[in-house]
Asks: 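First, the structure itself, so that you have it in front of you.
Bear in mind that the values here come from a model prediction, so they are computed numbers and not experimental data. All values below come from the heavy atoms of this structure, side chains included, with hydrogens, waters and symmetry mates left out.
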Amino acid sequence: MSPGRKLNLAFFQRPAIDLARDLIGTVLVRRLADRVLRARIVETEAYVGAHDKACHAYKGRTRRTEVMFGPAGRAYVYLIYGMYDMFNIVASTVDDPQAVLVRGAIPLDDWQIDLSGPGKLARGLAITRELNGCDLTGKELHLQSRPAGPPDILVTPRIGIDYAEEWKDSLLRFVDAAVGQRPGSRHGTKLKL
DNA sequence: GCGTCGATGGCA
DNA sequence: GCCATCGACGCG
């Protein structure tokens with residue numbers, strides 16, 4: 001894919017683990033009524049299907065998880081801890097509930113804001129549950145391919161899923177190596193791709 | 001710098 | 001009762 005182009009549906013129709021890795025370095029574009037916010041994605045996590053104990057779809061198909069069972073390239077946005085919206089991108093195909101949590105980004109265009117962490121990222125980009133199910137090749141929110149070449153990427157276990165038993169240590173978190181792990185995340189498990 | 005804890009509401 | 005979180009607070 002040539003640099004800086006809008007990512008199309010085919011980009012999202014892949015396993016979440018591949019999508020999560022390839023989303024690092026891409027640019028998230030949020031169009032609001034009066035301005036456009038852009039940010040480079042630096043941290044993601046893959047939730048790889050109904051067999052993944054950390055994936056919300058593990059509990060089955062419910063009103064909340066319905067979007068994950070639908071087509072790729074849609075937003076899955078849900079509320080956590082009563083106050084934070086989490087922004088996920090649906091991957092794979094219909095009836096295979098995989099998704100990628102977007103956990104961190106760097107603002108572009110001299111726009112100053114802290115987007116490190118999924119709660120802050122969603123808030124900073126004005127991504128709320130109103131966008132649940134929205135088409136990410138559409139107008140209010142879309143992605144652009146990497147402006148530059150592929151970055152070095154670290155792989156670590158996912159954050160905040162200690163309940164997920166044998167899945168809690170799976171290497172499904174991807175971080176731009178130039179940004180590194182942020183404070184509070186687990187150390188000692190970094191791997192170079 | 002690090003551990004602990006409360007906020008706050010939808011969900012199973 | 002549990003959470004795919006965050007920020008405030010206390011410590012020494």
Side-chain angles (χ1 to χ4, degrees), chain A residues 12 15-24 26 28 30 39 41-70 72-92 96-107 112-134 136 141 143 153-176 179-190:
Chain A
F12 303 101
I17 187 167
D18 297 329
L19 180 60
R21 183 191 59 231
D22 289 344
L23 280 167
I24 301 296
T26 64
L28 194 52
R30 174 74 167 115
I41 294 175
V42 297
E43 181 182 350
T44 60
E45 282 177 1
Y47 290 81
V48 299
H51 60 296
D52 176 359
K53 288 183 178 174
C55 183
H56 289 166
Y58 180 71
K59 302 249 170 79
R61 191 167 183 153
T62 68
R63 182 150 66 253
R64 181 175 67 155
T65 61
E66 182 65 27
V67 192
M68 268 199 286
F69 288 83
R74 311 288 255 269
Y76 168 44
V77 186
Y78 67 90
L79 183 70
I80 190 69
Y81 301 118
M83 58 187 105
Y84 297 109
D85 287 302
M86 300 281 105
F87 170 53
N88 300 251
I89 296 173
V90 176
S92 192
D96 180 23
Q98 301 196 32
V100 175
L101 172 64
V102 182
R103 292 187 55 90
I106 305 284
Q112 300 295 314
I113 195 167
D114 181 8
L115 302 175
S116 65
K120 288 187 284 189
L121 182 143
R123 184 165 24 120
L125 290 166
I127 297 172
T128 69
R129 282 163 290 161
E130 289 180 17
L131 289 180
N132 188 45
C134 97
L136 295 176
L141 192 55
L143 287 105
I153 295 173
L154 308 175
V155 188
T156 84
R158 294 172 290 183
I159 303 297
I161 55 152
D162 286 349
Y163 61 88
E165 303 177 21
E166 74 272 22
W167 284 91
K168 89 179 154 61
D169 296 318
S170 299
L171 298 175
L172 294 171
R173 174 171 171 258
F174 300 86
V175 184
D176 186 323
V179 175
Q181 300 187 313
R182 66 193 186 93
S185 56
R186 292 189 246 181
H187 294 278
T189 48
K190 305 185 204 178

Asks: C:dT5 phosphate, OP1 or OP2: any side-chain N/O from A:Arg123 under 4.0 angstrom?
Replies: no
Asks: May I have the distance from A:Glu43 (atom CD) to C:dA4 (atom P), rounded to whole angstrom?
Replies: 15 Å
Asks: Taking only residues two or more places apart in sequence or in another chain, which ones pass side-chain contact (heavy atoms from CB on, under 4.5 Å) with A:Ala57?
Replies: A:Cys55, A:Met68, A:Phe69, A:Pro97
Asks: For A:Phe174 and A:Ile24, work out which heavy atoms get closest and say how close.
Replies: O-CD1, 3.5 Å
Asks: Just jot down the ring pair (Phe, Tyr, Trp, His ring centres under 6.0 Å) partners of A:Phe12, sequence neighbours excluded, or say none.
Replies: none
Asks: How many Å lie between OH on A:Tyr78 and P on B:dA12, as a whole number?
Replies: 13 Å
Asks: Does C:dG7 have OP1 or OP2 under 4.0 Å away from a side-chain N or O of A:Lys120?
Replies: yes
Asks: Grab the CZ-P distance between A:Arg61 and B:dA12 for me, whole Å please.
Replies: 14 Å
Asks: Listing time: all N or O pairs from protein to nucleotides 7-9 of chain B that are below 3.5 Å?
Replies:
residue: B:dT8; atom: O2; partner: A:Tyr81; partner atom: O; Å: 2.2
residue: B:dG9; atom: N3; partner: A:Gly82; partner atom: N; Å: 3.4

Asks: Between atom CG in A:Leu101 and atom C1' in C:dT5, what is the gap in whole Å?
Replies: 11 Å
Asks: Tell me, please, which residues at least two apart from A:Glu166 pass side chain to side chain donor-acceptor pair (under 3.5 Å).
Replies: A:Lys53
Asks: Using the test side-chain contact (heavy atoms from CB on, under 4.5 Å), find all partners of A:Leu79 that sit at least two apart in sequence or belong to another chain.
Replies: A:Asp85, A:Arg129
Asks: Which whole-number value in Å describes the distance from A:His56 NE2 to C:dC2 P?
Replies: 16 Å
Asks: Grab the OH-P distance between A:Tyr76 and C:dA4 for me, whole Å please.
Replies: 9 Å
Asks: Which atom names give the shortest non-hydrogen contact between A:Ala75 and A:Leu131, and what distance separates them?
Replies: CB-O, 3.5 Å
Asks: Under the side-chain contact (heavy atoms from CB on, under 4.5 Å) test, which residues partner A:Ala54, sequence neighbours left out?
Replies: A:Tyr47, A:Asp52, A:Arg158, A:Ile161, A:Tyr163, A:Ala164
Asks: Would you write out the dot-bracket form of DNA chain C, 5' to 3', with Watson-Crick and G-U pairs under 3.5 Å, [ ] for crossing pairs, | for pairs to other strands and . for unpaired bases?
Replies: |||.|||||||.
Asks: Give the nucleotide from the list C:dA4, B:dA12, C:dT5 with an atom nearest to the side chain of A:Thr62.
Replies: B:dA12
Asks: Rounded to the nearest Å, what distance is computed from the CG atom of residue A:Asp114 to the P atom of nucleotide C:dG7?
Replies: 7 Å
Asks: Under the side-chain contact (heavy atoms from CB on, under 4.5 Å) test, which residues partner A:Arg64, sequence neighbours left out?
Replies: A:His56, A:Thr62, A:Tyr76, A:Tyr78
Asks: Over how many whole Å does the gap from A:Ile89 atom CD1 to C:dA4 atom C1' extend?
Replies: 15 Å
Asks: Mind checking what makes side chain to side chain donor-acceptor pair (under 3.5 Å) contact with A:Ser92, not counting sequence neighbours?
Replies: A:Asp96
Asks: Looking only at side-chain atoms of A:Arg64, point me to the closest of C:dA4, B:dC11, C:dC6.
Replies: B:dC11
